[in-house]
Structures are given as C-alpha cells and as structure tokens.
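We name chains A, B, ... by the order of the sequence lines, and we start the count at 1 in each one.
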Protein chains: 2
Amino acid sequence: METRPLARKLGAFMALSEAELCVLERLHKRRRTFFAGRDLVHQGQADQAAYILVSGWAYSYKILHDGQRQIVDFQIPGDFLGLRSVVLHVSDHSIEPVTDIEVTEVHASDLFKALSETPRLATAVFWTASRDEAMVVEHLVGIGRRGAAERMAHFLLELGARLSLVGMGSKAGYACPLTQYLIADAIGLSAVHVNRVLRQLREQGMVTFRDGHVTFDDYDSLVEFADFEESYLDQVGPTAQVSAPVLARVA
Amino acid sequence: METRPLARKLGAFMALSEAELCVLERLHKRRRTFFAGRDLVHQGQADQAAYILVSGWAYSYKILHDGQRQIVDFQIPGDFLGLRSVVLHVSDHSIEPVTDIEVTEVHASDLFKALSETPRLATAVFWTASRDEAMVVEHLVGIGRRGAAERMAHFLLELGARLSLVGMGSKAGYACPLTQYLIADAIGLSAVHVNRVLRQLREQGMVTFRDGHVTFDDYDSLVEFADFEESYLDQVGPTAQVSAPVLARVA
DNA sequence: CGCCTAGTTGAGGTAAGTCAATTCACGTGG
DNA sequence: CCACGTGAATTGACTTACCTCAACTAGGCG
C-alpha cells in the first residue's frame, strides 16, 4: 500500500519492468502538502510541474466571467493533477483540494525526459490520459442528455467505481468528503436541486448520501436507473490485447 | 496544401525534422472514403485503426439507452478520428461522417511503433490529444453552466476558430454543413430551441446561420456575448514558449 | 453565546422541452 | 411535367424540469 498509487494504477494496465518502475520512482521529486480550499493550480497560469495525488481529494474546475463555476472532474489518489496543463504549457483550468492533500511533484522537464527515454511508460501515461478523457466525455453526455436524478445516480456510481479501483470503495458504498455544493457544480445543477434529488433517490431506496458517506442501498437497480456502463473505466490496456472480458462484453 | 493536414497541424506546434516527417508520412497507410451518414466507428467496437481526416466533416457521439444522442465533438480536416479508441483498445463512442469524407488509415501497431521510436512525434501527438481534451472540457463547461444563446454563440465561434487554423474560415464566417439537429445534439438543446436561439442571435445582429453558411455579422460583440476565450485553441506548443530547455532534453 | 457553513424544505418563476402545424427545397417515379 | 414523399427549417401553444428566493434547522467552533 505504500507502493505509489500511480505505480499501482499503471501496473494494473501493463506490467512494468524494474527499470521502468525505477524511472517512475525517480519522477517523484518532492512530496508536498496542500490544504483544503487553497488553489493548487490557477486558470491561466503557465505550469512547469504536474502532481500525482497520494492522499486526499481534489477537483479541477473553470470559472465563468459571471462567477459561475463548473467542476470538470474530481481527483482521487493515484490521479494526475495538471498533466494537461503541462503538456499544453498553460493551464486552462484551476485545481483546488477538497480535503488536505498530499502530492508528489513532477517537473515538466523530468516528465518529458522520462517519457522519451521510456516509451512503454509514455504509452502507459498516454493511456491514463485517455481514460481521464473518456470520463470527461461521459460526464459531458450526462450533463447534456440525462435528467437530474439519472445524472446524480451516474455520478455516484462512477465515483464508486473509481474508488473501488484504488481500494477506497465497494458496491456497498464509500466515504465521500464532497458537499452538495460541490456536487451541484460538478453535475450542472443548483445546490437546492441536488438536495431534492438526493432525497428522491434515498426515498426510492437506491442510494443514501449522508454525513460524508455514500451507501448503495440497492446497487443493481441504481445501475439500471442510471444506465451505468462501467466498461469505459476498465483497467484494460494494450498489453492485455483484446482480452476475454472485453470480447465477452462486446459480444 | 497537399501537405497532409496533420503534418501541417503538428508542424505549427513544433518544428519536425525530415526524419520525423518521414515517419509521419509512412503512418498514412491507405486512403479511404466514407459516405455521409454511415458509421465509421461503432460504440463498443474493438479498434485496431485510427484515421486522420483529410477532407469533409465528421462527428463523434454516444447514444443513451433511451435513444437520445449526445454529440461529443465535430471533426474537421487534420483531426484524428478514433485515436482514443485505439489507445483504450475499445471505442467508447461512435463516429459518423457528416459529409462524404476522405481519411487515411493508421494501424494501431504502426502508430505505437512510430511513437516509441520517435519521441518528439509522441510528444506532438500527446499535445494534439490534450488540445482535443481541452475542447471537450470547454464544451462541458458550456453545457453545464451557460445559457442556450451563449452556448450557441460559443459553439459557432469555436468552430470558426478551429476552421481558421486550417484555412477554412475567418472572422467573416465559414461554410458549415451541419443541420440544426446535429447542433442541437451537440450543445444539449432540442432542435426547436436551436432554431429559436439562432433567430435571436440573427435578430440581434451577431451571427447568421443560413443555407450551410455561418456569417459573423458582429464578431466582437459575439465574442463578448459568448465570453469566448480562444487561448485554449492556440497553436502554441512547448517549442514556442518556455521550451528551449524542454526541447534540449527531449531532443 | 453567537456565528458560520451545510443541509433541508416550500412557493413561485422561467428557460427550455414537447407536440403540432406549416413551409420550402429537393429528388424520384408515374 | 406534375404528384408525391422526405428531410430541414420555422413558428405557435402549452408543459415541465429545474432555478431562485427565502426561511428554517442543526452542528462545529471561537
């Protein structure tokens, strides 16, 4: 468990050699702590470092000129923070910790060097980035075309699935430090409506979100209700070639 | 102009050497044509090839279980089609041509081989992918937090900016083969409402969309109205800015 | 004790959706 | 050449999902 969460995540995707793990290890330059509510990366900033989240939760968001906020995604341990900012050389969004967080810093130059010298690692990182993009796309679909309750259900399920992959959740539920305001800005609703929708889902016996804990009261009917497809979260990478489970699902 | 649009796009981001251009050239295996309305990639399919769009327009989308469609993005010449599907090894979305299109096919194995043997090319492709992701994020923000008219204005401006980069548009306007139904599914509105919003923008003297042509009647006030920030579309890559050190290491 | 933040609930407003009718351009076959 | 069908755009009338405003509760903490 003191294996870096990122190594664990990438390892689940492709087997990494000793040498590759070593390169990965050397990337983690410095461990830092940031405190809840204090911006880590700011929109428009020219970034020279990305971070890997070790513990705690964060979220990336954009602010519109009229002050509204849209949360793009939440990050949990093992996720990159600001990877896109480094590649694009400027941050198009801000990142803020939800809780106090621990991260390790990765300098842009070290990252590019490591990726060019270790092609398989580059593939693995590219895979991670693609998986993140797939989540953003799914999020987009939800906001664009799902009703409020379905959106909420889908959101809670996706978060649960992601947390399960790093051992922080199960089909029973998970600890969740988010406020209803954060969820509102993530799924494009008002905080008031979030509250109503949560009540509805609770009264229908599907999920309960209370006191920082999400409990799946009836996982299966929630999945059914939310039209939740978790295949896009699968830990299946190129090495696993067209693996049996994928084929089964496609068939 | 018979330069491959992709080479032109990547070239704008970082200067590519002869050798790198040559690798890029060899990627283009086979030129193919697809016809308007016939699926090119299907949701759930296990992909072994991506495509580079040479001419025509396409769109990537997802279908929900209740039959609703959310269009994630439109692709124009120079864009990759299905790059994420290849990296993730399964397509999480479908792609369909809007018009008849010409593409060149890129086999997954060739792509991975080229990227691992030519690190700078990998960086460039990673940059392209990140730029696409930034667009999806901006799209997400629009759907989540902007009103219908602002969303439409922003959408038309973004398309214009992208088309300008490949010489197919200007601040005066551009040819646009999209129907109001496609736009509706892209920006999360009903087709009827799209029509109303277009009328409103036209009557306010900002944009006119008629007969397959978008005309910016007052570009500046449209930008103002839409809160349009085009920085995320900049053709600014690592080479352009802080990059001397980065390049030195990568090279 | 008083203040702040998070959550909860009600009443009423509004942006956008649905349903439906009409027009127009286009192609196709009688 | 015209009748017909089809897909796109347009507009009106009505509905609804979600928002806003506002009041109130409950817990944490200086």
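When the C1' atom of D/dA9 is taken as reference, atom CZ of B/Arg202 falls 10 Å away, rounded to whole Å. One can place CG of A/Leu189 at 15 Å from P of C/dT8, the figure rounded to the nearest angstrom. Here D/dT20 presents its P atom at 11 Å from CG of A/Asp66, a figure rounded to the nearest Å.
Within the 4.0 Å cut-off from OP1 or OP2 of D/dA9, not a single side-chain nitrogen or oxygen of B/Asn195 is found. When the side-chain nitrogen and oxygen atoms of B/Gln180 are compared with OP1 and OP2 of D/dG7, none of them lie within a distance under 4.0 Å. Listed pair A/Arg210 / D/dA26 fails the phosphate criterion, with no side-chain N or O lying under 4.0 Å from OP1 or OP2.
What you find for B/Phe80 and B/Gln75 is that their closest heavy atoms are O-CG, 3.9 Å.
Within 6.0 Å of CG on B/Asp66 lie more than 12 heavy atoms contributed by other residues, nucleotides or ligands.
Among the heavy atoms of the strands lying under 4.0 Å from B/Gly188 are primed sugar atoms or P, OP1, OP2 only; no base atom is included. Backbone-only engagement by B/Thr179 is indicated by non-hydrogen atom pairs under 4.0 Å involving sugar-phosphate atoms exclusively.
Put simply, CG on B/Asp218 and CD on B/Gln204 are 11.0 Å apart, with the number rounded to the nearest 0.5 Å.
The pair B/Glu150-B/Arg145 fails the salt-bridge criterion, with no side-chain N (NZ, NE, NH1 or NH2) lying under 4.0 Å from an Asp/Glu carboxylate O.
Side-chain atoms of B/His193 lie closest to C/dG17 of the nucleotides C/dT8, D/dT20, C/dG17. The side chain of A/Arg151 lies closest to D/dC18 when the candidates are D/dA9, D/dC18, C/dA16.
A donor N or O paired with an acceptor N or O is not found under 3.5 Å between the base of C/dG7 and the side-chain atoms of A/Arg196.
Where B/Val197 and A/Arg199 each meet DNA chain C at their nearest nucleotide, the meeting point lying more 5' is that of A/Arg199.
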